[in-house]
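Along the sequence shown, residues are numbered consecutively beginning with 1.
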Amino acid sequence: FIGYFLSFSDLGVYSVANKVSSLIIVFNGILFQTWQVHLYDKKNTAGSYLGLSVAFNFYVSILGLACLFLVVINKEFLHLVLSNDYAAGWYEGNILILSAFLFGISSALGVFYVMEGRTALALKSSASAALLNVIFNFILIPNFGLVGAAYSTVLSSAWMFFLRRFDVVVRKYVGFSFSEWLVLIFVFISVVLVHLEFGILFSVVFFALSSVLVVFHFVKFYRVRNL
């Protein structure tokens with residue numbers, strides 16, 4: 001879509017931005033494997049609802065911390081290792097970090113469908129998100145360029161996240177948590193404000209607060225695991 005509506009140089013910049021968010025995807029893959037094993041270990045065990053909720057909050061807080069870290073260093077790092085033309089993709093990269101964060105949480109939620117043999121529900125949420133991404137690309141890229149492409153990915157990822165999150169709550173796998181939404185808000189505000197003069201300060205503060213949440217959830221997870 002970018003090569004069609006914009007130019008191939010824009011496509012190169014967007015590819016750089018996408019590489020930044022791919023680091024979150026790789027990191028999420030590591031967390032995902034551990035989460036998947038933990039989920040199957042806790043299946044049908046006493047107190048599994050509490051244990052899974054605690055483990056899920058720990059998962060979200062770690063992934064959110066990684067996202068905030070990238071948001072903080074992304075701009076300076078890209079300008080250090082790339083030419084200014086390609087380093088200009090740092091802003092779109094931050095937007096795609098938010099998308100990768102939402103996708104990572106959605107993938108963690110998707111394990112519940114596999115565990116219960118409801119893979120058709122996972123497929124429906126993924127397919128609808130992909131369709132929305134195509135529609136948003138047609139609407140946003142011609143009007144907003146690379147930023148539009150990045151936000152179309154965020155919107156489709158958010159759609160899949162909300163579909164799965166509310167469905168998981170309805171099926172009573174994992175309940176809502178204040179800290180989960182707090183981390184989401186931290187990442188969202190950091191991505192939106194980081195381009196402002198003092199925006200990076202918000203990201204640093206949110207990173208510090210998220211670090212505290214990670215420690216808190218680790219202690220809670222460790223205690224629940226040993227019950």
Side-chain angles (χ1 to χ4, degrees), residues 10 12-32 56-108 133 136 140 144-162 165 177-218:
D10 289 324
V13 173
Y14 193 80
S15 296
V16 170
N18 200 46
K19 290 292 189 299
V20 175
S21 63
S22 67
L23 295 175
I24 296 299
I25 299 298
V26 171
F27 181 65
N28 178 70
I30 299 172
L31 294 178
F32 180 82
F56 182 73
N57 288 330
F58 188 32
Y59 186 114
V60 172
S61 62
I62 293 177
L63 191 61
L65 187 67
C67 291
L68 288 168
F69 176 74
L70 273 186
V71 169
V72 169
I73 70 167
N74 183 26
K75 181 179 180 180
E76 298 302 326
F77 178 74
L78 288 185
H79 278 94
L80 182 65
V81 299
L82 297 173
S83 66
N84 289 336
D85 291 337
Y86 287 103
W90 70 269
Y91 181 62
E92 289 79 15
N94 282 343
I95 298 173
L96 291 174
I97 287 172
L98 174 59
S99 175
F101 182 43
L102 293 169
F103 174 82
I105 302 175
S106 298
S107 66
N133 191 32
F136 285 135
L140 298 179
F144 301 101
L146 294 181
V147 174
Y151 272 116
S152 68
T153 305
V154 170
L155 291 171
S156 59
S157 297
W159 168 260
M160 181 167 66
F161 164 73
F162 283 113
R165 192 67 189 91
S177 166
F178 173 75
S179 64
E180 172 194 345
W181 294 102
L182 194 61
V183 174
L184 274 166
I185 291 170
F186 285 168
V187 176
F188 176 77
I189 293 178
S190 295
V191 167
V192 172
L193 298 183
V194 73
H195 68 288
L196 300 178
E197 184 177 357
F198 298 104
I200 193 68
L201 294 178
F202 286 96
S203 299
V204 172
V205 171
F206 291 153
F207 177 81
L209 293 174
S210 295
S211 299
V212 175
L213 283 176
V214 168
V215 174
F216 170 76
H217 286 304
F218 172 76

Worked check of side chain to side chain contact (heavy atoms under 4.5 Å, CB included) between Leu182 and Phe178: CA-CA 6 Å; Leu182 194 61; Phe178 173 75; 4.0 Å; yes
For residues 72-82, the side chain to side chain donor-acceptor pair (under 3.5 Å) pairs (sequence neighbours left out) are Asn74-Asn94
Donor-acceptor pairs are to be reported for all side-chain atoms of residues 101-108 against protein atoms at under 3.5 Å, with residues two or more places apart or in another chain.
from: Ser106; atom 1: OG; to: Leu102; atom 2: O; distance (Å): 2.9
from: Ser106; atom 1: OG; to: Phe161; atom 2: N; distance (Å): 3.3
from: Ser107; atom 1: OG; to: Asn28; atom 2: ND2; distance (Å): 3.2
from: Ser107; atom 1: OG; to: Gly104; atom 2: O; distance (Å): 2.6

Is it true that atom CZ of Phe77 has more than 12 heavy atoms of other residues, nucleotides or ligands lying nearer than 6.0 Å? no
Smallest heavy-atom separation, Ser203 atom then Val72 atom, equals CB-CG2, 3.7 Å
With a 4.5 Å heavy-atom cut-off, do Leu63 and Tyr59 have their side chains touching? yes
In chain order, what residues pass the side chain to side chain contact (heavy atoms under 4.5 Å, CB included) check against Val147, with sequence neighbours excluded? Tyr91, Glu92, Ile95, Tyr151
Side chain to side chain donor-acceptor pair (under 3.5 Å) contacts in which one or both residues fall within residues 61-70, not counting sequence neighbours: none
Extract all donor-acceptor atom pairs below 3.5 Å that involve side chains of residues 206-218 and protein atoms in other chains or at least two apart in sequence.
from: Ser210; atom 1: OG; to: Phe206; atom 2: O; distance (Å): 2.9
from: Ser211; atom 1: OG; to: Phe207; atom 2: O; distance (Å): 2.8
from: His217; atom 1: NE2; to: Ser179; atom 2: OG; distance (Å): 2.9

Go through the structure and list residues passing side-chain hydrogen bond (donor to acceptor under 3.5 Å, both in side chains) with Ser156, not counting sequence neighbours. none
Do you see a donor-acceptor pair shorter than 3.5 Å between the side chains of Ser157 and Ser99? yes
Do Val20 and Leu96 touch side chain to side chain, with heavy atoms closer than 4.5 Å? no
Can you confirm whether Leu65 sits close enough to Phe69 that some side-chain heavy atom of one is under 4.5 Å from a side-chain heavy atom of the other? no
